[in-house]
Each structure stands twice: as structure tokens, then as C-alpha cells.
There are 2 protein chains.
Amino acid sequence: MSNNQFRRGELYSVINGMASTAVARKLQKNFRQAGLEITIEQWSVLYHLWKEDCLSQQELCNRTFRDKPSITRLIDNLEKQKLVKRTASQTDRRINLVCLTDAAKELQSQTIDLANHTMNEALVGVTKDEIETVKQVFQRVYDNLT
Amino acid sequence: MSNNQFRRGELYSVINGMASTAVARKLQKNFRQAGLEITIEQWSVLYHLWKEDCLSQQELCNRTFRDKPSITRLIDNLEKQKLVKRTASQTDRRINLVCLTDAAKELQSQTIDLANHTMNEALVGVTKDEIETVKQVFQRVYDNLT
DNA sequence: TGAAATTAGTTGCATAACTAACTATATGTC
DNA sequence: GACATATAGTTAGTTATGCAACTAATTTCA
């Protein structure tokens with residue numbers, strides 16, 4: 001095992017365990033402290049609907065990098081909380097369009113402020129160039145594997 | 001919301017969804033295809049035990065960035081598969097030392113080869129400097145939030 | 001047109017994560 | 001020595017993930 005290979009194996013451990021879960025945990029904690037009952041996974045679905053409402057479940061799979069059963073259940077839970085509503089597509093009856101409720105629209109600015117605040121705290125001392133590098137590396141890794 | 005803040009919010013979405021789960025899924029798939037019945041989470045525990053055997057559960061929490069209930073159940077499952085064994089510490093009866101079995105020791109080289117192979121595939125076209133930047137950013141993010 | 005293949009979504013089962021509450025042992029302090 | 005506090009680990013409940021198998025609707029194409 002070369003030294004280079006070993007360092008690459010280490011990276012996996014770093015990527016998987018450390019930063020992403022630290023950010024997720026912090027954001028979840030900030031939601032809870034603000035009295036918001038949503039999970040970060042649910043939030044990440046809402047995030048994409050705020051950008052474009054009434055997406056199909058398949059489109060939400062693509063945009064959130066989740067599989068279909070995961071989205072089915074996230075939408076189930078979001079529907080229970082009355083944050084989204086499934087509507088059958090007029091043109092293709094296989095498709096559920098997932099649309100935001102008024103309650104979900106009210107969450108938008110508050111939660112996005114919390115997310116930005118969390119990311120600002122997370123990225124203290126990190127430069128724009130470094131952020132750009134991380135994004136490019138991650139896109140590359142994703143493309144390499146899919 | 002400034003442009004900079006928005007970009008930072010985007011980064012969360014990238015970190016959380018994309019690269020780390022893509023690597024994890026690929027590695028899990030490679031394990032399965034090689035006939036190995038372990039999950040990547042179990043593997044990440046074994047990985048730290050290969051580096052240093054007979055750690056306490058608390059120490060495994062620290063090294064894998066997991067909480068205590070998660071480690072309890074991972075060790076439960078690893079014990080069911082006869083890959084580790086809990087041994088009460090002689091000096092502090094609160095502590096379980098988690099030690100590898102011979103079966104687990106045999107898994108080491110095969111699974112680490114698979115992990116290195118997966119990471120090599122993931123990191124095609126990524127330079128050493130970029131990897132170094134990602135590691136530094138992640139360490140910084142982790143330190144900023146904990 | 002009608003059978004085969006594809007696509008969208010759901011369900012069941014196993015593993016894993018987080019929180020909160022819990023037991024047991026060890027330590028610190030008066 | 002005894003009581004309060006801290007530490008190690010477990011358990012229960014909810015949510016989320018991955019896989020495989022499934023239904024229903026649509027498209028392809030012979």
C-alpha cells in the first residue's frame with residue numbers, strides 16, 4: 001500500500017464522518033433551538049421546492065441525491081406536518097407533483113437565515129477560493145462515481 | 001440575502017448530499033460485490049481497530065465522530081457477526097474494551113484495498129493539493145462547530 | 001394494436017442516526 | 001465515609017437510508 005493510497009483512504013474517513021455530520025448536527029440543533037420541528041433532511045427537500053415549487057418526486061430525488069424510497073418517506077412525513085401536498089399530474093398520472101403549503105412558505109426566510117448563519121459559523125477562516133475548491137472536488141468525485 | 005451567503009448555503013447542500021454519500025454508496029457496493037457482508041459504518045469502526053486494537057467504546061466514539069448509542073449498536077452488530085468481542089477492562093469496570101477477532105483481522109487487507117481502489121476511482125482528476133485543501137477545510141469546519 | 005420494456009412511485013425489511021432517559025461505576029469534596 | 005458529580009455504556013422511540021420486490025401508468029416497437 002503506497003503512502004499516497006493510504007492518504008486517500010484517510011480522506012474517506014474525514015469526508016464521511018467529520019465535517020458534513022458536524023454541519024448537519026449543528027443546523028439541526030439550531031432548528032430545534034428556534035422551535036422548528038423539521039429535520040435537516042426535510043429541510044433539504046423544502047429548500048429545493050422554495051427554489052422551484054411543485055416538482056415531481058423523481059425530480060426531488062435527482063436534486064437532493066436521494067433514492068426514491070427515501071423521497072417517498074420524506075414526503076410522507078412532510079405531508080403529515082402539512083408542509084407539502086401531493087397532487088397528481090394532469091398530463092402523466094404516474095407523477096406526483098409535490099407542492100408547498102402556505103405554512104412551508106412561511107418557514108423559508110427563517111430557516112434559510114439559520115442555515116446561512118450556521119454555514120458562516122462553520123466557514124470562519126475559510127477563504128472563497130478554498131470553498132470553490134471543495135465544491136469542485138465534490139462535483140468531480142460525484143461525477144467520477146456515478 | 002447576499003450573494004456570498006447564498007453560495008455558502010449551497011455548499012451545505014453539496015457537502016451533505018453529494019460526494020460523501022456517493023463515496024459511501026460506491027464503497028458499500030464494492031464490499032457487497034466482493035461478497036463482504038459488512039456495512040461501511042461497521043468497516044469504519046474496524047478501520048480504527050486495525051490501527052489500534054482494543055479501544056474503549058468511548059474512544060471509538062471520538063475517533064469515528066459517532067455518539068455513544070450509535071457505537072453501542074455498531075458493536076452489537078459487529079459482535080453478532082463475530083468480528084469483535086467486548087472485554088471488561090481490568091482497571092475500570094465501566095469500560096468495555098472492543099477487540100478484533102481473527103476473522104476481522106483477515107478482512108483488513110482485502111477491505112482496505114477495496115477502499116483505496118474506490119477512493120482512487122473517486123479522485124481521478126483531483127490533485128494532491130486539492131485533496132489537502134479539502135482535508136484542511138473539513139478540519140476547520142469541524143473545529144469551528146465543536 | 002398489443003406485448004415488452006421503461007418510468008414513477010410505494011412497501012417491507014435491515015441498519016444506522018439522534019435525543020432523552022436510564023444503570024452502573026468511579027471520582028471529588030466536605 | 002458519604003453524598004454529589006462525572007463518566008461509560010445501554011435502552012427506547014422516531015426518523016432516515018439502502019435494497020429488493022412490488023403496482024400502476026406510459027412508451028416502444030414489432
Side-chain angles (χ1 to χ4, degrees), chain A residues 16-18 20-33 36-45 54-62 64-81 83-84 86-98 146, chain B residues 16-18 20-33 36-45 54-62 64-81 83-84 86-98 146:
Chain A
N16 189 49
M18 201 171 70
S20 67
T21 58
V23 176
R25 275 190 274 228
K26 186 71 175 196
L27 184 51
Q28 178 73 74
K29 193 175 160 193
N30 288 346
F31 282 170
R32 208 171 336 105
Q33 282 178 349
L36 302 173
E37 299 277 307
I38 57 172
T39 67
I40 43 160
E41 292 84 1
Q42 292 170 359
W43 179 79
S44 81
V45 172
C54 295
L55 297 171
S56 70
Q57 296 189 197
Q58 182 58 55
E59 193 51 39
L60 284 170
C61 293
N62 300 339
T64 63
F65 308 103
R66 291 181 162 80
D67 66 359
K68 289 196 287 182
S70 294
I71 288 295
T72 292
R73 272 141 186 157
L74 281 171
I75 303 300
D76 286 349
N77 286 332
L78 283 168
E79 225 173 13
K80 269 188 224 157
Q81 297 177 260
L83 293 172
V84 303
R86 284 178 170 97
T87 313
S89 164
Q90 297 296 317
T91 55
D92 184 336
R93 286 192 300 160
R94 291 171 303 181
I95 293 178
N96 287 338
L97 296 175
V98 180
T146 53
Chain B
N16 189 49
M18 201 172 70
S20 68
T21 58
V23 175
R25 276 190 273 227
K26 186 72 175 193
L27 184 52
Q28 178 73 74
K29 194 175 159 193
N30 287 345
F31 283 169
R32 210 172 335 109
Q33 283 178 349
L36 302 172
E37 298 278 306
I38 58 173
T39 66
I40 44 159
E41 292 84 1
Q42 292 169 1
W43 179 80
S44 83
V45 171
C54 295
L55 297 171
S56 70
Q57 295 190 196
Q58 182 58 55
E59 192 52 37
L60 285 170
C61 292
N62 300 338
T64 62
F65 307 103
R66 290 182 164 80
D67 66 359
K68 289 197 285 182
S70 295
I71 288 295
T72 292
R73 266 138 190 162
L74 280 172
I75 303 301
D76 286 350
N77 285 331
L78 283 167
E79 225 173 14
K80 268 188 225 157
Q81 297 177 260
L83 293 172
V84 303
R86 284 177 169 98
T87 313
S89 164
Q90 296 296 318
T91 55
D92 184 337
R93 288 191 300 160
R94 290 171 304 181
I95 293 178
N96 287 338
L97 296 174
V98 180
T146 53

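The sequence lines fix the lettering, A, B, ..., with proteins before strands; numbering per chain opens at 1. None of the values given here were measured: they were computed from a predicted structure.
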Student: At less than 3.5 Å, do the side-chain atoms of A:R94 and the base atoms of C:dT7 form a donor-acceptor pair?
Tutor: yes
Student: What residue among A:I95, A:N62, A:L60 forms side-chain contact (heavy atoms from CB on, under 4.5 Å) with A:L55?
Tutor: A:L60
Student: Please compare A:N77 and A:D92 by the position of their nearest nucleotide in DNA chain D and report the one closer to 5'.
Tutor: A:N77
Student: Mind calculating the distance between CG (B:N62) and C1' (D:dT7) to the nearest angstrom?
Tutor: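 Distance check: B:N62 CG to D:dT7 C1' gives 12 Å.
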Student: Using a heavy-atom cut-off of under 4.0 Å over every strand shown, decide if B:I71 touches base, sugar-phosphate, or nothing.
Tutor: nothing
Student: Rounded to whole Å, how long is the line connecting atom CD1 of A:I40 with atom P of C:dA17?
Tutor: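 A:I40 atom CD1 is separated from C:dA17 atom P by 13 Å.
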Student: I want to confirm an ordering. Mapping B:T72 and A:T39 to their closest nucleotides on DNA chain D, which one lands closer to the 5' end?
Tutor: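 Counting from the 5' end, the first nearest nucleotide belongs to B:T72.
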Student: Need one value for A:Q28: base, sugar-phosphate or nothing, where a base atom within 4.0 Å counts as base even if backbone is also close, heavy atoms only.
Tutor: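 A:Q28: no heavy atom of the nucleic acid under 4.0 Å.
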Student: Run the salt-bridge test on A:R73 and A:D67 with the 4.0 Å N-O cut-off and return the result as yes or no.
Tutor: no
Student: Are side-chain heavy atoms of B:K80 and B:N77 found at a separation under 4.5 Å?
Tutor: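 Yes. Closest side-chain heavy atoms under 4.5 Å.
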Student: Counting any heavy atom closer than 4.0 Å, what does B:N96 reach on the DNA or RNA strands: base, sugar-phosphate only, or nothing?
Tutor: sugar-phosphate
Student: To the nearest 0.5 Å, what is the distance between CZ (B:R66) and CD (B:E41)?
Tutor: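 It comes to 5.5 Å.
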Student: Which whole-number value in Å describes the distance from B:Q81 CD to C:dA14 P?
Tutor: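 B:Q81 atom CD is separated from C:dA14 atom P by 14 Å.
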Student: In whole angstrom, give the distance that lies between atom CG of A:L97 and atom P of C:dA8.
Tutor: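 My rounded result for the distance is 12 Å.
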Student: With the side chain of B:Q42 defined as its heavy atoms from C-beta on, choose the nearest nucleotide among C:dT25, C:dA16, D:dC19.
Tutor: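 Closest nucleotide among those given: C:dA16.
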Student: From the list D:dT17, D:dG9, C:dG9, which nucleotide is the closest neighbour of the side chain of A:I95?
Tutor: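 The answer is C:dG9, which lies nearest to the side chain.
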Student: Taking the side chain of A:D67 as its heavy atoms from C-beta onward, which of C:dA17, D:dC19, C:dT19 lies nearest to it?
Tutor: D:dC19
Student: Is A:R73 touching bases, backbone alone, or none of the nucleic acid, heavy atoms closer than 4.0 Å?
Tutor: base
Student: Is there a side-chain polar atom (N or O) of A:Q58 under 4.0 Å from OP1 or OP2 of C:dA8?
Tutor: yes
